[in-house]
Structures are given as structure tokens and as C-alpha cells.
Amino acid sequence: MLATATIADEIQDLKRSRRAVLLAHHYQEAEIQELADVVGDSLELARRARDFHGDVIAFCGVWFMAETAKALNPERIVVVPDREASCSLVESCSVEPVRAYRRAHPDHVIVSYINTSVEVKAESDILCTSRNAVQVVNSIPPEKTVLFLPDRNLGAYVQRQTGRENMKIWQGACIVHETFPVRRLHDALAEHPGAKVVAHPECTGAILAMTDFIGSTSALIDWCVTSDADEFIVLTENGVRFSLERRAPGKRFYFINNENCNCSECPYMRLNTLEKLRDCLTTLEPRVELSAELMRRARVPIERMLAVR
Ligand code: 13P
Ligand code: SF4
């Protein structure tokens with residue numbers, strides 16, 4: 001406990017001396033979220049990165065989120081506690097097949113989920129996050145064919161919401177959200193019959209069909225906090241418990257474990273630790289380094305997304 005308090009103090013001192021901001025995703029360890037200047041979903045964090053005016057962004061999330069922050073801040077230093085903090089969606093979608101698709105279908109509109117590499121973003125027409133994917137797809141003229149990549153579950157959800165037929169969907173998936181078993185949700189509902197069910201749109205259609213609310217991490221939290229209900233079954237990464245319990249201390253939240261790890265934690269997000277955060281603020285490594293040309297090209301679809309209301 002004493003060691004943790006000392007590391008937290010060191011991080012606070014480093015934040016001041018480095019003129020750093022600490023941006024943390026909801027899926028980070030509670031001790032990281034406690035120290036963060038901003039805790040948010042991927043869209044909120046991208047917006048905060050865009051509006052930042054200090055010297056260093058310490059990004060406690062996964063690498064693609066930090067790449068987005070760097071593309072929006074070419075002159076600033078962006079560090080991540082662990083270089084291996086990737087994402088199964090990023091890994092499902094390398095840039096070569098996207099380039100080949102672009103060459104074969106120059107008239108199609110490529111809508112990329114923010115959970116992609118910066119190279120894939122640079123090949124895309126517009127980005128989206130789980131929070132604004134429906135609005136982004138609705139902003140595209142109806143006669144245009146859309147390629148939505150890489151999350152098949154989010155893509156299918158957007159297609160159901162928009163009714164868009166001319167939409168092709170990449171076949172990537174989130175290893176956390178796609179593996180929540182329906183039978184465990186049935187069991188949880190049998191145990192807590194009055195509970196509301198909330199889920200992230202990266203979950204399967206079978207899970208989403210059983211929900212009371214579907215939304216991004218921040219949207220799920222806001223919905224539970226403002227709902228009249230007292231009990232919730234939550235189908236997303238366990239890190240959201242931090243904000244749920246802080247903002248709605250009297251309510252009860254039940255998490256479903258997925259098949260892979262028998263937990264609901266993202267193995268990539270959880271690579272970041274308080275010690276690694278202290279070290280990256282000390283050494284300013286691992287640092288996101290991108291060519292000026294790649295950042296310039298990636299900024300175009302990022303800024304198009306940020307302009308969609
Ligand atoms: P949000 O856009 O809700 O932050 O989700 C990001 C993510 O990686 C979900 O698994
Ligand atoms: Fe990627 Fe899934 Fe982890 Fe989100 S929870 S960062 S989509 S692997």
C-alpha cells in the first residue's frame with residue numbers, strides 16, 4: 001500500500017514537471033483511473049487529445065488510441081505505459097488488404113472503426129467510434145457503398161440501426177466482447193430478474209437482442225447512473241466498474257465473464273500498470289513516433305469524424 005502511494009506521488013510530480021496530461025480509458029486499472037486527468041471512452045479521449053496544449057500526453061489505453069492522439073498532436077510527445085497494449089481488432093485488419101480493396105473499389109466509402117492501426121486510418125475516408133458509428137454511417141450519401149471495418153458485431157449493429165443495405169462488413173472481432181456467452185446472460189437474468197441489461201455494441205447480435213441499452217463505455221455508464229433502476233447486468237470490460245461505483249454508489253452491477261479467460265478484462269488494456277506509467281513519464285518511452293506524411297493522411301478521416309455531430 002505504501003509503495004503504491006509513493007508511485008502515485010511520483011506520477012503526480014512527473015505530470016507537473018513534464019507538463020503532461022494523463023488520459024485514461026475506462027478499461028484501465030482503478031489505480032490508474034484515480035490519477036487520470038480525464039477518464040473517458042475512445043471518442044472523448046480523442047477530443048481531449050485534440051484540445052490539449054501542454055507538452056506530453058501519457059495515454060493509458062491501447063496503442064491505436066495513442067496513435068490517434070499523436071496524429072492530432074504532431075509536435076507533442078505521446079507515451080503509452082506498455083508498447084504491447086494492442087487490440088484484437090487492430091490485429092484483424094492489416095493495411096495491405098485494405099489498400100487492395102481501395103484499388104478494386106475506388107468508389108466505395110471506407111468507414112474505419114477507431115480500433116485500427118494508423119496505417120489503416122490513412123487509407124480510410126472517415127473514422128467512427130462505438131459512440132458515433134450510426135451517425136457517421138448515416139452521414140454518407142445513401143447511394144454510396146460502404147465498407148465498414150474491422151468489427152463485424154459493431155458493423156452488424158450499425159447496419160440494423162441504419163437499415164443500410166449497401167454495406168460490406170470486415171470480419172474482425174473483439175476477443176473480450178464477442179465471447180460473452182448467451183447462457184451466462186440467461187443465468188445472470190435468472191439470478192437478478194429485476195436487473196437491466198446494458199452492453200457494448202462489440203457484443204454479438206444474440207447478446208444485443210437481450211439488452212435494455214446498447215452504447216459506448218461512457219454512454220453505458222451515463223445510462224446506468226441516470227436510470228431509475230438499481231441493478232444492472234453489464235456486458236463490457238470490468239474497468240467501467242470504477243466510474244459506475246463512484247457515480248452510482250447505491251446501485252449494484254453484475255459483470256458477465258467471457259469464455260476466453262473466465263473474466264471480463266481486456267488483456268491488452270491491462271498490460272498498463274502504475275509502475276509502467278511512472279516509468280514512461282520518467283523516460284518518455286515507449287513513445288509514439290509516426291512520419292509527418294502518415295499523420296497528415298490519418299488526420300483527414302479523424303477530423304471528418306470529429307466534425308460529425
Ligand atoms: P469505446 O469506444 O466505448 O471507448 O470502446 C473502445 C473499445 O476498445 C471497446 O472495446
Ligand atoms: Fe480491443 Fe476488445 Fe480490448 Fe477494446 S476490449 S481494446 S476492442 S481487444
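As the structure lists them, so they are numbered: ligands from 1, and atoms in each ligand from 1.
Taking atom 9 (C) of ligand 1 as the reference point, the nearest protein heavy-atom neighbour is Glu202 OE2, 3.2 Å. Residue, atom and distance of the protein heavy atom nearest to atom 2 (O) of ligand 1 are Ser42 OG, 2.6 Å. The closest protein non-hydrogen atom to atom 6 (C) of ligand 1 is His25 NE2, 3.8 Å.
Ion pair Arg131/Glu44 flagged as a salt bridge, since at least one NZ, NE, NH1 or NH2 atom sits closer than 4.0 Å to an Asp/Glu carboxylate oxygen. Of the charged side-chain nitrogens involved, at least one lies within less than 4.0 Å of a carboxylate oxygen, so that Glu265 and Arg270 count as a salt-bridged pair. For the pair Arg246 and Glu34, the salt-bridge criterion is not met [side-chain N within less than 4.0 Å of a carboxylate O].
The side chain of Glu202, and not its backbone, has at least one atom closer than 4.0 Å to an atom of ligand 2 (non-hydrogen atoms only; side chain from C-beta on). Neither the backbone nor the side chain of Val90 has a heavy atom within less than 4.0 Å of ligand 2. Residue-level proximity to ligand 1 for Val176 is absent, since no heavy atom of it falls below 4.0 angstrom. At a 4.0 Å heavy-atom cut-off, ligand 1 touches His177 through the side chain alone.
Interface of Tyr268 with ligand 2, defined as ligand atoms under 4.0 Å from a residue heavy atom, comprises 8 (S). Residue Ser88 has at least one heavy-atom neighbour below 4.0 Å for each of these atoms of ligand 2: 8 (S). Listed by number with element, the atoms of ligand 2 under 4.0 Å from a non-hydrogen atom of Leu89 are 7 (S). Each of the atoms 3 (Fe), 5 (S), 6 (S), 8 (S) of ligand 2 lies under 4.0 Å from some heavy atom of Cys266. For ligand 1, the atoms closer than 4.0 angstrom to any heavy atom of Asn115 are 7 (C), 8 (O). The contact set between ligand 1 and Ser216, taken as ligand atoms under 4.0 Å from a residue heavy atom, comprises 3 (O). Ligand-side atoms of ligand 1 in range of Thr217: 1 (P), 3 (O), 4 (O), range being under 4.0 angstrom from any heavy atom.
Hydrophobic clustering places Phe64 together with Val176 (ILVMFWY residues linked when any side-chain heavy atoms are closer than 4.5 Å, directly or through intermediates).
Using a 4.0 Å cutoff on heavy atoms, His200 counts as a contact of ligand 1. Residue Ser130 places a heavy atom less than 4.0 Å from ligand 1.
A donor-acceptor contact closer than 3.5 angstrom is absent between the side chains of Ser88 and Tyr268.
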For side-chain hydrogen bond (donor to acceptor under 3.5 Å, both in side chains), just list the numbers for Thr217 and His200, CA-CA rounded to whole Å, side-chain angles, deciding distance to a tenth of an Å, and then say yes or no.
CA-CA 7 Å; Thr217 49; His200 195 280; 5.5 Å; no

Does the pair Arg48 and Asp37 meet the rule for a salt bridge (Lys or Arg N to Asp or Glu O under 4.0 Å), with working shown?
CA-CA 10 Å; Arg48 295 304 282 257; Asp37 298 294; over 6 Å; no

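Looking only at side-chain heavy atoms (C-beta outward), Phe180 and Ser264 come within less than 4.5 Å of each other. The side-chain heavy atoms of Phe232 and Ser227, taken from C-beta on, include a pair separated by under 4.5 Å.
Heavy atoms of other residues, nucleotides or ligands lying less than 6.0 angstrom from CD of Glu75 number 12 at most. Enclosure of atom NZ in Lys276 by more than 12 non-hydrogen atoms of other residues, nucleotides or ligands within 6.0 angstrom is indicated.
Atom 2 (Fe) of ligand 2 lies under 2.8 Å from an N, O or S atom belonging to Cys174. The nearest N, O or S atom of Cys87 is closer to atom 1 (Fe) of ligand 2 than 2.8 Å.
Taking the six-membered ring where the residue is Trp, His105 and Tyr101 present tilted rings, their angle falling between 30° and 60°.
Residue nearest to atom 4 (Fe) of ligand 2, selected from Trp63, Phe64, Tyr27, Tyr113: Tyr27 (by heavy-atom distance).
In terms of N/O distances under 3.5 Å, ligand 1 is not approached by Ser218.
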